[in-house]
Amino acid sequence: MSNLRQVAFDIVGNLRGAKRLSHIYIELKKASLHFGYDTFVLGYLPRSAQQTLQDCATISGWPEEWARRYQANGHIRVDPILRHMRGVIDPFLWQEAVDAAGSPAGRVVIDEARAFRLHEGFCVPFHQIDGSEGGISFGGEQVRLSYEARAALHLVAIYALSTVRALVRQPAAPAEKAAGAAALTAREIECLKWSAAGKTAWEISVILSISRRTVEHHLASAGQKLQTVGRVQCVVEALRRGIIT
């Protein structure tokens, strides 16, 4: 297991014990030492034109002056990061969103952010089957992530988002864990464990002596039962519920 992957799992272990949103803020702040970002904001995408940054941000480490500017100028309505987040499930760099949007108004948001030492960033979207959308945006002067670092931070971000959602909903954790474990088959859990270990569907098929298509079916079925979108989110939700360790 690589260094950064171990770092990610250590952070996930710390997040697992989070009882308050402040605990998640502290862990994400400490994680910046490993991944090179300076600040971050976690929240949900606006569902109406009337919602503001204050309505949507659940945990914010944004510079206060930038948050005030963003709020006052209504940037939430033209932010290219938020627009891009709606249409993708994979993590992306801020510049990718700007290039895809090609909007002058969107570029103004990014240009103004640079005045607050937010030159580069990395965003992890979070989509739920119930239609809710959100994510975490990490920013800083130099956010230069290797492929390995992006994968590790993706795992940390999805776990943090899933934990925030659970804290806000305040579910009965033991009942949720029991229901989740009972819903998944032994084979689905086995495939999730190998996926959490970084194995591809093909590698899992070789290990378990089943076809790749069967592995993908088990992972897709587990995702439906856990109401997740994407394999990483499925693995993270299984970890959060204690279905896999």
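As the structure is a prediction and not an experimental result, all values here were calculated from the model. Hydrogens, waters and symmetry mates play no part in the numbers below; they use all other heavy atoms, side chains included.
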- Message: Please report the interatomic distance CG(L184) to NZ(K225), rounded to the nearest 0.5 Å.
- Response: 6.0 Å

- Item | Salt bridge flag under 4.0 Å for residues R187 and E190 | yes

- Task: May I ask you to decide if L45's main-chain N or O and E133's side chain share a donor-acceptor pair within less than 3.5 Å?
- Result: no

- In the single-linkage hydrophobic clustering (I, L, V, M, F, W, Y; side-chain heavy atoms under 4.5 Å), do V143 and I110 co-cluster? no

- More than 12 heavy atoms of other residues, nucleotides or ligands under 6.0 Å from CH2 of W194: is that the case? no

- Task: Can you establish whether the number of heavy atoms outside Q54 located under 6.0 Å from its atom CD is more than 12?
- Result: no

- Query: Any side-chain heavy atom of T52 sitting closer than 4.5 Å to one from I76?
  - Reply: no

- Gap between atom CD1 of I59 and atom CG of L28 - 0.5 Å precision: 6.5 Å

- Query: Does F40 have its ring centroid less than 6.0 Å away from the ring centroid of Y25?
  - Reply: yes

- Item | Side-chain donor-acceptor contact under 3.5 Å, S137 with W94 | yes

- Query: Applying the 4.5 Å side-chain criterion to the ILVMFWY set and letting contacts propagate, would Y37 and V98 be lumped into a single cluster?
  - Reply: no

- Item | Sub-4.5 Å side-chain heavy-atom contact between E65 and P63 | no

- Mark yes or no for whether E203, through its side chain, and T200, through its backbone, hold a donor-acceptor pair below 3.5 Å. yes

- Note on the structure: Exactly one candidate in W62, Y70, W66 meets side-chain contact (heavy atoms from CB on, under 4.5 Å) with F116; the answer is W66

- Partners passing side chain to side chain donor-acceptor pair (under 3.5 Å) against E216 (at least two apart in sequence or in another chain): R212

- Message: Is there a path of hydrophobic side-chain contacts, each under 4.5 Å between heavy atoms of I/L/V/M/F/W/Y residues, joining F92 to L161?
- Response: no

- For the side chain of E188 and the backbone of T185, is there at least one donor-acceptor N/O pair under 3.5 Å apart? yes

- Note on the structure: Scanning both residues in full, the closest heavy-atom pair of I81 with C123 reads CG2-SG, 3.9 Å

- Residue list, ring-ring contact (aromatic ring centres under 6.0 Å, His included) with Y159, at least two apart or on another chain: none

- Item | Donor-acceptor under 3.5 Å (D38 side chain, L118 main chain) | no

- Query: Heavy atoms, side chains only, cut-off 4.5 Å: are F138 and L145 in contact?
  - Reply: no

- Residue pair R144, E120: steps toward the side chain to side chain contact (heavy atoms under 4.5 Å, CB included) verdict: CA-CA 8 Å; R144 309 211 177 139; E120 300 172 332; 3.3 Å; yes

- Query: For R117, does the CZ atom have more than 12 heavy-atom neighbours from other residues, nucleotides or ligands under 6.0 Å away?
  - Reply: no

- Given side chains that start at C-beta, do those of E64 and R68 come closer than 4.5 Å, heavy atoms only? yes

- Message: With a 4.0 Å cut-off on N to O distance, would you call E96 and R150 a salt bridge?
- Response: yes

- Message: Surrounding CD of Q51 (heavy atoms of other residues, nucleotides or ligands, distance under 6.0 Å), is the total greater than 12?
- Response: yes

- Start with the C-alpha gap between T228 and F126, add the side-chain angles, then the distance that decides, and say whether side chain to side chain contact (heavy atoms under 4.5 Å, CB included) holds. CA-CA 9 Å; T228 58; F126 187 71; over 6 Å; no

- Message: Between R5 and E148, does any side-chain N to carboxylate O distance fall below 4.0 Å?
- Response: no

- How about I243 and L226: do any of their side-chain heavy atoms sit closer than 4.5 Å? yes

- Query: Out of curiosity, does W202 fall in the hydrophobic cluster containing L219 (side-chain heavy atoms, cut-off under 4.5 Å, transitive links)?
  - Reply: no

- Is the backbone N or O of V88 less than 3.5 Å from a side-chain atom of H127, with the two atoms forming a donor-acceptor pair by type? yes

- Walk me through it: do T214 and S205 pass the test side chain to side chain contact (heavy atoms under 4.5 Å, CB included)? CA-CA 8 Å; T214 301; S205 73; over 6 Å; no

- Check: D55/Y44 side-chain N/O donor and acceptor closer than 3.5 Å: no

- Note on the structure: Correct closest heavy-atom pair for F122 and P91 would be CZ-CB, 3.3 Å

- Query: When rounded to the nearest 0.5 angstrom, what is the spacing between CG in D10 and NE2 in H34?
  - Reply: 8.0 Å

- When every non-hydrogen atom of V41 is compared with those of A57, the smallest separation belongs to CG2-CB, 4.0 Å

- With sequence neighbours left out, the residues meeting side chain to side chain donor-acceptor pair (under 3.5 Å) with S162 are E237, R240

- Establish whether V236 and M85 are linked, either directly or via other cluster members, by ILVMFWY side-chain heavy-atom contacts under 4.5 Å. no

- Query: For the atom pair CG (L82) and NE2 (H75), what is the distance rounded to the nearest 0.5 Å?
  - Reply: 11.5 Å

- Item | Smallest separation among heavy atoms of L15 and V156, with atom names | CD1-O, 4.1 Å

- Query: Rounded to the nearest 0.5 Å, how far does CZ of R231 lie from CG of L192?
  - Reply: 9.5 Å

- For the side chain of K199 and the backbone of I204, is there at least one donor-acceptor N/O pair under 3.5 Å apart? no

- Item | Gap separating the CG atom of L21 from the CG atom of L42, nearest 0.5 angstrom | 8.5 Å

- Query: Which pair of non-hydrogen atoms, one from L4 and one from A152, has the smallest distance, and what is that distance?
  - Reply: O-CB, 3.7 Å

- Query: Below 4.5 Å, heavy atoms only, C-beta onward: do E112 and R69 meet side chain to side chain?
  - Reply: yes

- Side-chain donor or acceptor of H23 paired with backbone N/O of K19 under 3.5 Å: yes

- Item | Over all atoms of both residues, closest heavy-atom pair of P125 and I158 | O-CD1, 3.7 Å

- Item | Chi angles and distances behind the side chain to side chain contact (heavy atoms under 4.5 Å, CB included) call for H218, I210 | CA-CA 11 Å; H218 286 316; I210 57 179; 4.3 Å; yes

